[in-house]
Each structure stands twice: as structure tokens, then as C-alpha cells.
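Just so you know, these numbers come straight off a predicted model, no measurement behind them.
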Amino acid sequence: MAMTVTEAAEATLEVDLAAITANWRDLGARHGAPVAGVVKADAYGLGAAPVARALAGAGCRHFFVAQLAEGMALRQALGAGPMIAVLGGFPPGADAGAGLTPVLNGPTDIAAWQAAGAPGAGTILHLDTGMERLGLSPAERAALPPGALDGLGLRYVMTHLACADEPEHELNRLQPARFAEAAAAFPGIPRSLANSAGIFHGAAMASDLGRPGCGLYGINPTPGLPNPMRQVLRLTVPVLQVRQVAAGTPVGYGATWVAKRDSRIATIAAGYADGYLRALSSRGIGIVAGRPVPLVGRVSMDLITLDVTDLPDLRPGDRVELIGPAQTPDDVAALAGTIGYEVMTSLGARYRRQYRPA
């Protein structure tokens, strides 16, 4: 179907829901047990509601978000049924009947939920095994008074892996062992351990419920090795203008880039307000008909300039791919000196989102 005039003028973020559900199935098969859908941060910038609906349609029955507001919005999107757990926890009663499952991250959480009688959605207990952020430390676990966990309706005990994407790190041996020892105090309660990278450690990090996030969205969970996940997004941006500049002419804020030859400069409609990181100034790459073109000058709030001298047929209205099969979020991140997570979660609200069905 052809785009309307308005759509043709917009930067477009295409999200392949079928690829996301395929990645979820793949991760579940590798884990050998159910895996959740981690859809925090608006499903890593791709849209929590459509992504979660697609995953639920594929059979996913467990979801994780970071904040209460995310959980409430997701419950409205999914309706009753799937577990929606809030990793940051929330005060008793604050779910306003949404049937959310809080993750209890410390003694204060435990005491508050026990006093409240733990609602029907139950709770998840977070045990710290080496991240040193949220979760009950060994000392806090030892100090719990008898009966402290009674009536909490524990659905899972979980921990959070610190270095699963660094296979040789010592914590990948220590954390599963520490978790097994700590979780033994909760017989009969299912366990949740592996994230996306942890799933690729095999049996050492197997549990009753995996919690993949990045792998669902095509970020490589095995850095340094070929990416086993399908790519799920494509970001294309229209060319607003193409102009000729003479050799020696500076381009953009700060005049940080100067043409070394007579050049054609294309200006496209995206910038750091859209999550295209300023760190990509004079480092980023656009893809036009499969050919790379260099970003020149600074990324500004709304605009990017590209050297298209070697593409004499490029015209206003043509589209440039900033993320896609030829340049993944991990590739863009490498150019910006960051990680694919930041690239994806920075994707701006001004992009027109187009979802390919699952």
C-alpha cells in the first residue's frame, strides 16, 4: 500500500512483530522452560502494548515491566490473565485493582506487603546474588524473623545476573550457585534466573522462568559471536533537501566538518530529539539503496546532514535507512560508543510507528 503524502514526509519506524515472537519462541526453546516477555521501557522503545499483545497471542503468559505505571498501562492493553510483574515493586494497594505482581526487593517491601495481606496477584521475591542493587542480601535474608514471608503468596523467587554477556566472568559461576543455595530456603517456589544472555549459558542457568529482554528485540545476547536473533526494526527517514557545497565549505553547527571536495549534502528529518544520539556526529552512517553514506557535521535536534556526493540521483523525498538489516542497533551503538539498549530505548515519539503483524 502506498504511503499518504503525510506519511511520506515522516520518519518511519517499522516493527516486525513476527520477528519478535519468533525470537521469543527461539529463546524459550533454548531455555527448555517457559520464558517471559520483558517489555519495560515501552518494550525497549518499540511499543509495549502492540509487542505484548503479539507475544500474548503467541502464548506468552508472563510479562515484566520496571515501574507501576508501565504495569497498569500493560494490564489495560492485555486484559486479565497474564502475570504482569513490576521489577521496581510498588506500595501495597497502589495497583488500584490492576492485579499486578510486585517484586519485593528488600525487608521494607516484605514487611509492608505482609502487613497488607498480599493481594491475590501474589508477589515475587528478589534475592541479590552479586549485582549489589535491589534484592535481599545474604545478611538481610539471615536477619528475617520467623514467619516474615508467610502470607505473601510467593509466585517466584528471582535474581538478576550481572555479567551474563561476558561468558568468562567469575560471577557467571558464582551467581547461579548462590541463587541455588538461597532459593533452597523456599522449597516448592518456582525460580527465575536467566536473562537473554543467561539463556545461552545452557543448563547452568536454567530455571522455571527465563526473563529475556534484549534478545526479543534483536540485540545480540552473545557479544563477539554472530547474532542468533532475528532483526525486528527498520528506521527510515525522508530527505528534505539536497544542496551543492563547494570544497572548503563548513556544514552544520560549530562548523566541525568541512567539505574536502565539491559535495552534495542531504538533510534528513531526524535528530537527537528523536533519539538519534548526538554522539553519532560525523560518525553515523545512513543507508541508501544498500549503499552507506557518511553523516557529516553535528547531529542537531531535528536534522542530520549526509554526504551523498557519490549518489547523484538522490532527491528530496527519497528515504534513508538509519537502522535496519544493513545497520543493526548494535552497529549504531558501536559507532556511538554505547550499547544497543540505549539506541533502542532512545527512539523518539515523533517517529511514525508501523507494525508488521505477528
Side-chain angles (χ1 to χ4, degrees), residues 1-16 19 46 218 227 230-336 340 343-344 346-348 350-356:
M1 181 182 296
M3 289 189 290
T4 67
V5 172
T6 300
E7 291 171 342
E10 295 176 322
T12 302
L13 181 66
E14 301 172 48
V15 180
D16 187 343
L46 300 187
N227 191 347
R230 291 175 57 173
Q231 291 304 305
V232 307
L233 72 150
R234 183 170 183 257
L235 174 61
T236 61
V237 182
V239 174
L240 301 179
Q241 183 188 82
V242 182
R243 68 168 57 196
Q244 193 79 28
V245 301
T249 302
V251 173
Y253 281 121
T256 58
W257 183 86
V258 178
K260 295 181 180 179
R261 58 177 177 169
D262 292 346
S263 303
R264 296 178 77 239
I265 302 299
T267 300
I268 66 174
Y272 57 73
D274 305 292
Y276 193 80
L277 304 177
R278 194 170 184 268
L280 290 162
S281 297
S282 290
R283 301 173 70 180
I285 295 171
I287 305 294
V288 180
R291 295 183 61 181
V293 292
L295 187 156
V296 296
R298 288 182 180 166
V299 175
S300 63
M301 184 178 292
D302 311 297
L303 301 170
I304 299 168
T305 46
L306 302 166
D307 182 353
V308 296
T309 308
D310 297 327
L311 297 176
D313 296 330
L314 187 74
R315 297 289 182 267
D318 292 344
R319 300 186 77 84
V320 177
E321 182 181 287
L322 295 180
I323 305 176
Q327 184 174 222
T328 70
D330 290 319
D331 295 331
V332 175
L335 293 172
V343 170
M344 291 188 62
S346 297
L347 294 169
R350 295 193 294 190
Y351 298 132
R352 181 176 68 90
R353 279 163 167 73
Q354 185 177 66
Y355 293 93
R356 295 172 57 186

For residues 298-306, tabulate all N or O donor-acceptor pairs below 3.5 Å that involve a side-chain atom, not counting sequence neighbours.
from, atom 1, to, atom 2, distance (Å)
Ser300, OG, Leu303, N, 3.4
Ser300, OG, Leu303, O, 3.0
Asp302, OD1, Arg350, NH1, 3.1
Asp302, OD1, Arg350, NH2, 2.8
Thr305, OG1, Val296, O, 2.6

Side-chain donor/acceptor pairs under 3.5 Å, residues 242-255, sequence neighbours excluded:
from, atom 1, to, atom 2, distance (Å)
Arg243, NE, Gln241, OE1, 3.1
Arg243, NH2, Gln241, OE1, 3.1
Thr249, OG1, Ala246, O, 2.7

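The side chain to side chain donor-acceptor pair (under 3.5 Å) analysis of residues 275-289, with sequence neighbours excluded, yields no pairs. Pairs passing the salt bridge (charged side-chain N to carboxylate O under 4.0 Å, His left out) check and including a residue from residues 251-261, sequence neighbours excluded, read Arg261-Asp307, Arg261-Asp310.
When atom types are taken as modelled, the side chain of Arg319 and the backbone of Thr236 share a donor-acceptor pair closer than 3.5 angstrom. Remark: the backbone N or O of Gly218 is paired with a side-chain donor or acceptor of Gln231 at under 3.5 angstrom.
Heavy-atom minimum distance, Val232 versus Arg230: CG1-O, 3.5 Å. Of all heavy-atom pairs spanning Leu322 and Ala270, the tightest one is CD1-CB, 4.3 Å. Listed here is the closest heavy atom pair of Leu314 and Ala266: CD2-CB, 4.0 Å. Annotation for Ala336 and Ala279: closest pair O-CB, 3.7 Å, computed over non-hydrogen atoms.
Once rounded to the nearest 0.5 Å, the distance linking OG1 of Thr12 with CG of Leu235 reads 8.0 Å. To the nearest 0.5 Å, atom CD of residue Glu10 and atom CZ of residue Arg353 are 11.5 Å apart. In this structure, Tyr351 OH and Leu233 CG are separated by 10.5 Å, a value rounded to the nearest 0.5 Å. From Asp274, atom CG reaches atom CG of Leu347 across 9.5 Å, with rounding to the nearest 0.5 Å. The structure places CD1 of Ile285 at 13.5 Å from CZ of Arg291, a figure rounded to the nearest 0.5 Å.
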Step-by-step side-chain contact (heavy atoms from CB on, under 4.5 Å) determination, Leu240 to Ile268 = CA-CA 5 Å; Leu240 301 179; Ile268 66 174; 5.9 Å; no
message = Checking Val320 against Ile287 for the side-chain contact (heavy atoms from CB on, under 4.5 Å) test, could you report, in this order, the C-alpha distance in whole Å, the side-chain angles of both residues, the deciding distance, and whether it holds?
response = CA-CA 6 Å; Val320 177; Ile287 305 294; 5.9 Å; no
Derivation of the side-chain contact (heavy atoms from CB on, under 4.5 Å) call for Glu321 and Val288 = CA-CA 6 Å; Glu321 182 181 287; Val288 180; over 6 Å; no
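No side-chain donor from either of Thr309 and Arg264 sits under 3.5 Å from a side-chain acceptor of the other.
Within the 4.5 Å cutoff, the side chain of Val332 has heavy atoms near those of the Gln327 side chain. A 4.5 Å side-chain heavy-atom check between Met344 and Leu46 finds at least one atom pair inside the cut-off.
Asp16 meets the salt bridge (Lys or Arg N to Asp or Glu O under 4.0 Å) test with Arg356; sequence neighbours excluded. Annotation: side chain to side chain donor-acceptor pair (under 3.5 Å) contacts of Asp331 (sequence neighbours excluded): Thr328.
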